[in-house]
Amino acid sequence: MIASHLLAYYFTELHHDKVQQVDKYLYHLRLSDENLMDVSVRFRREMDKGLGRDSSPTASVKMLPTFVRSTPDGTEKGDFLALDLGGSNFRVLLVKVSDNGKQKVEMENQIYAIPEELMRGCGSELFDHIAECLANFLEKMGIKNQKLPLGFTFSFPCQQNKLDESILVSWTKGFKSHGVEGKDVVSLLRKAIKKRGDFDIDIVAVINDTVGTMMTCGYDDHHCEIGLIVGTGTNACYMEEMRHLELVDGDEGRMCVNTEWGAFGDDGALEDLRTDFDREIDAGSHHPGSSYHRTLPDLCVSIGAVSEDVSRPDRDKEGLVSAEKVLRGLGLDPSGEDCVATQRVCQVVSTRAAHLCAATLAAVLRQIRDNKAAERLRTTVGVDGSVYKNHPQFARRLHKMVRRLVPDCDVRFLRSEDGSGKGAAMVTAVAYRLATQHAERQRILDALRLSREQLMEVKIRMGNEMNRGLAKESHDQAAVKMLPTYVRSTPDGTERGDFLALDLGGTNFRVLLVRVRSGKKRSVEMHNKIYTIPQEAIQGTGEELFDHIVHCIADFLEYMGMKGASLPLGFTFSFPCHQNRLDQGILLKWTKGFKATGCEGEDVVTLLKDAIHRREEFDLDVVAVVNDTVGTMMTCGYEDPLCEVGLIVGTGTNACYMEEMQNVELVDGDEGRMCVNMEWGAFGDHGELDDFCTDFDRAVDDRSTNPGKQRYEKMISGMYLGEIVRNVLLEFTAKGLLFRGKLSERLKTRGIFETKFLSQIESDRLALRQVRSILQHLGLTSSTCDDSILVKEVCSVVARRAAQLCGAGLAAVVDKIRQNRNLDKLKITVGVDGTLYKLHPHFSSIMHETVRDLSPLCEVTFLQSEDGSGKGAALITAVACRIRDAGQH
Ligand code: 0WK
Ligand code: 0WK
Ligand code: BGC
């Protein structure tokens with residue numbers, strides 16, 4: 001229109017005012033670098049508006065989420081159909097993707113016409129026609145009986161809520177079929193196909209042609225993260241950070257955004273740059289008032305013979321000839337001057353178009369550069385469209401201006417030779433791969449997901465095992481030993497004195513001095529020092545281990561200036577011990593990787609005393625040996641008298657609680673209560689949990705220092721969760737479901753995936769890239785964002801199961817206490833300690849929830865121990881001393 005207008009105008013008015021007037025007209029169509037930089041800045045602002053949840057409804061540049069999040073990873077394979085509607089040609093394609101190592105893509109396609117009357121007629125007829133073309137193509141290819149997956153390139157602005165659903169926002173490019181805007185084009189197509197009933201397909205994805213172009217080019221160049229179309233219409237898409245897409249949930253990774261930049265200026269943002277020619281074109285267009293930015297293509301269309309006419313003259317000498325031919329074609333009798341002017345008009349119009357494109361593309365490039373916080377951005381733009389491809393100067397002008405506007409970006413422009421249909425097939429192939437992989441991953445993870453019924457079953461079985469452990473006749477066969485601790489009462493506030501305490505068995509070995517005051521100034525003051533237990537002591541001889549313990553005590557007494565002091569000592573020894581009295585503990589078996597020889601079956605108090613004697617430096621009065629669960633219950637009981645259960649979820653896991661003496665059949669007497677150390681870690685050692693054990697659990701157990709033992713512990717506690725995750729990741733990788741199937745040597749290393757990683761990876765504060773840095777630390781340098789999301793999912797599934805299993809066990813404990821006391825409702829406190837419980841972001845809440853759900857008649861308060869079980873051990877020692885001293889008077 002401009003050219004013809006201009007020329008028509010030229011022919012009428014300019015006959016009189018020579019070339020100057022032409023230049024005057026051309027002036028407004030020329031944009032300076034400042035103008036273009038300003039357009040670029042304005043567009044960037046529009047992008048932010050489009051991405052914002054609150055601002056997007058009024059934004060002209062809609063920034064539509066496409067639900068395309070991943071690019072091909074080379075493992076896609078299969079036959080896929082694709083439809084390509086919205087450009088100059090409507091294509092139906094069959095795309096064969098083979099992954100025999102060197103991924104190959106073969107394509108067959110057929111172009112079909114879309115009659116004008118259908119473009120402007122009734123929508124259902126349009127889709128009937130599309131279905132007709134599809135049927136024709138399937139017939140031709142002899143695949144009408146196959147239900148192939150299909151990717152639909154539908155190149156119009158669509159609101160998407162998922163990959164296979166797309167609501168048409170508004171037609172563009174001369175399409176006006178009614179009854180389609182506001183509808184899901186996938187349902188319209190499915191309906192049209194169903195109506196025919198002679199073939200069926202599985203529509204997996206609907207995408208915009210810019211997205212298809214990005215994917216088509218991304219197949220050859222993995223740097224391609226922008227898709228650009230300059231053809232009948234113009235538009236661009238790019239990979240945006242999820243955290244910027246406020247319209248879609250999730251902050252992890254990236255998603256392709258269809259900018260629909262054609263509408264830039266619809267809110268007047270380009271008013272100052274628009275010329276009367278633009279306004280006239282718009283007024284005469286199919287969609288007046290929308291799509292200013294579509295200045296170029298619409299302009300071309302209206303001159304008839306479309307862009308060729310404009311682009312051909314834009315070729316210097318040869319172009320002049322074309323100009324004359326075009327003008328004669330329009331029934332004019334142009335002079336040489338007319339042809340020069342016409343060529344000039346074409347040059348200026350297409351240059352403005354190329355530069356406007358460059359300005360908005362520059363904004364997209366800056367957005368990606370800033371997203372990556374990159375000094376210098378290296379990226380590829382996949383391009384398609386007849387204007388970009390056929391106009392002799394457009395591409396060069398676009399590239400040049402882009403490099404001028406964003407000199408700090410290395411931009412490669414990659415022409416799409418295969419059309420966006422291939423891209424649509426790749427999106428479908430990726431969606432298919434992701435869906436298949438997702439299903440396979442969920443199938444594997446489902447083995448680690450426990451239903452409420454299964455958890456209730458665990459609770460019931462734990463309850464049964466508790467009774468078997470308590471009962472004299474079944475105790476020996478019971479897996480859960482329910483060991484009497486000889487702790488019968490909790491502190492009554494009269495305790496006082498200085499006590500030493502040892503705390504062995506958790507992550508840290510502590511020596512403590514605990515000063516207990518009674519009466520009004522009732523308080524407990526503690527001094528402690530943490531010592532490491534060297535691996536060689538843990539796995540050496542018992543003598544070495546206990547000599548090391550005594551060495552630490554000596555160091556502590558010196559450190560406290562109490563060399564040679566002889567204080568009553570409470571020994572927290574966090575391993576299963578059979579006790580016949582408070583100051584004796586026969587070690588039944590080591591757990592948590594301890595293997596020191598000559599200890600199992602021995603009284604650890606004796607082993608300690610022997611070591612003290614061997615040192616001949618000080619003497620100690622070992623009054624009590626307690627389990628860390630008992631110490632924790634006491635520590636918390638000092639604050640909250642309702643605390644009658646102790647729970648540890650740390651390196652290992654275990655629980656204790658105050659049981660009715662009449663149920664503690666291993667100990668004489670029926671009066672009162674005694675604390676029972678359940679040693680529930682061994683639950684499952686006799687097969688009680690076999691139907692809940694997975695291959696991953698079996699792999700962890702097989703390679704542990706105590707195969708077949710502590711099965712429940714190995715599904716819950718910190719020493720093992722990392723290993724379970726590592727084994728799941730190995731399985732996923734071996735099946736090509738993760739890390740592109742590339743196994744890293746480091747990931748094969750036992751214990752490399754520490755449980756602390758689970759807590760870190762699941763903490764909401766940790767962005768994905770930090771998950772990636774953990775994976776990089778594990779030698780998984782090529783892990784992708786998707787990999788990180790999957791690793792996070794595996795960690796959460798494994799941790800969730802651990803928390804639920806722990807909750808099911810505890811539900812059995814509190815319900816037993818309630819039944820012991822014939823209460824309809826029990827109010828009780830559980831004292832808890834252990835790094836996993838304290839540091840994992842979700843473990844405690846999931847465990848609490850499970851207890852509440854499985855034992856609704858128990859109102860359970862969880863009290864986290866801040867002082868460790870050493871304090872509890874000292875309090876037990878204080879009580880024992882009080883009773884002993886009372887006994888001596
Ligand atoms: C070829 C792509 C198609 C896109 C077209 C745009 O396969 O998806 O719509 O380019 O260019 P046009 O045909 O409008 O010039
Ligand atoms: C801190 C207690 C200690 C217990 C430990 C368990 O003072 O007795 O063994 O918690 O947690 P872990 O250190 O194994 O994570
Ligand atoms: C031990 C228990 C201890 C628990 C928590 C288990 O391995 O057998 O005695 O209470 O770990 O530390």
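Note that ligands are numbered from 1 as they come in the structure, with each ligand's atoms numbered from 1 the same way. No hydrogens, no waters, no symmetry mates; every other heavy atom, side chains included, goes into these values.
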Out of the candidates Thr360, Thr210, Thr234, only one should pair with Trp261 under the side chain to side chain donor-acceptor pair (under 3.5 Å) rule; please name it.
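Checked Thr360, Thr210, Thr234 against Trp261; only one passes side chain to side chain donor-acceptor pair (under 3.5 Å): Thr234.
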Can you tell me which residue and heavy atom of the protein come closest to [atom], and the distance to 0.1 Å?
{"atom": "atom 9 (O) of ligand 2", "answer": "Asp628 OD2, 2.7 Å"}
{"atom": "atom 5 (C) of ligand 1", "answer": "Gly87 CA, 4.1 Å"}
{"atom": "atom 9 (O) of ligand 3", "answer": "Glu679 OE2, 2.5 Å"}
{"atom": "atom 1 (C) of ligand 1", "answer": "Asp384 OD2, 3.3 Å"}
{"atom": "atom 6 (C) of ligand 2", "answer": "Ile648 CG2, 3.7 Å"}
{"atom": "atom 15 (O) of ligand 1", "answer": "Ser386 OG, 2.4 Å"}
{"atom": "atom 10 (O) of ligand 3", "answer": "Asp628 OD1, 2.5 Å"}
{"atom": "atom 14 (O) of ligand 1", "answer": "Thr232 OG1, 2.4 Å"}
{"atom": "atom 4 (C) of ligand 1", "answer": "Asp209 OD2, 3.4 Å"}

Of the listed options ([options]), which comes nearest to [atom] when hydrogens are ignored and any heavy atom counts?
{"atom": "atom 10 (O) of ligand 2", "options": "Thr507, Asp833, Thr629, Thr835", "result": "Asp833"}
{"atom": "atom 3 (C) of ligand 1", "options": "Leu83, Thr210, Asp84", "result": "Asp84"}
{"atom": "atom 1 (C) of ligand 3", "options": "Gly646, Ser574, Gly652, Gly505", "result": "Ser574"}
{"atom": "atom 11 (O) of ligand 1", "options": "Gly385, Ser155, Ser416", "result": "Gly385"}

Could you list the atoms of ligand 3 found under 4.0 angstrom from a heavy atom of [X]?
{"X": "Asn627", "value": "2 (C), 3 (C), 9 (O), 10 (O)"}
{"X": "Asn654", "value": "2 (C), 3 (C), 4 (C), 9 (O), 10 (O)"}
{"X": "Ile648", "value": "5 (C), 12 (O)"}
{"X": "Glu713", "value": "6 (C), 7 (O), 11 (O)"}
{"X": "Phe575", "value": "9 (O)"}
{"X": "Gln710", "value": "7 (O), 8 (O)"}

For the pair [X] (side chain) and [Y] (backbone), establish whether a donor and an acceptor sit closer than 3.5 Å, ignoring hydrogens and angles.
{"X": "Thr213", "Y": "Gly382", "result": "no"}
{"X": "Lys592", "Y": "Ser574", "result": "yes"}
{"X": "Asp603", "Y": "Val605", "result": "yes"}
{"X": "Tyr486", "Y": "Gln584", "result": "no"}
{"X": "Ser865", "Y": "Val832", "result": "no"}

Parallel, tilted or perpendicular, judged at 30° and 60°: which one describes the rings of [X] and [Y]?
{"X": "Phe575", "Y": "Phe573", "result": "tilted"}
{"X": "Tyr112", "Y": "Phe90", "result": "tilted"}
{"X": "Tyr712", "Y": "Trp680", "result": "perpendicular"}
{"X": "Trp171", "Y": "Phe156", "result": "perpendicular"}

For ligand 1, does Ile229 get within less than 4.0 Å through its side chain, its backbone, both, or neither, judged by non-hydrogen atoms?
side chain
When you look for heavy atoms under 4.0 Å from ligand 2, do you find them on the side chain of Ser869, its backbone, both, or neither?
both
I need the minimum non-hydrogen distance between Phe137 and Leu94, along with the two atoms involved.
CZ-N, 3.5 Å
Is the closest heavy atom of Pro576 to ligand 3 under 4.0 Å?
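Pro576: in contact with ligand 3 (<4.0 Å).
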Using a strict 4.0 Å threshold on nitrogen-to-oxygen distance, state whether Arg711 and Asp701 make a salt bridge.
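Asp701 and Arg711: salt-bridged.
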Is Glu679 paired with Lys589 through a side-chain N to carboxylate O contact shorter than 4.0 Å?
no
From the options Ile207, Val206, Asn208, select the one residue that forms a side-chain contact (heavy atoms from CB on, under 4.5 Å) with Ser166.
Val206
Counting only heavy atoms closer than 4.0 Å, does ligand 3 sit against the backbone of Asn677, its side chain, both, or neither?
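Contact part for Asn677 vs ligand 3: neither.
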Going by distance only, is there an N or O of Asn508 that falls short of 3.5 Å from an N or O of ligand 2?
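The answer is no, given that Asn508 and ligand 2 share no N or O pair closer than 3.5 Å.
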Output yes when the distance from some N or O of ligand 1 to some N or O of Thr153 is under 3.5 Å, and no in every other case.
no
N/O to N/O below 3.5 Å, does that happen between Ser88 and ligand 1?
yes
Element-labelled atoms of ligand 2 that are located less than 4.0 Å from some non-hydrogen atom of Gly506:
9 (O), 13 (O), 14 (O)
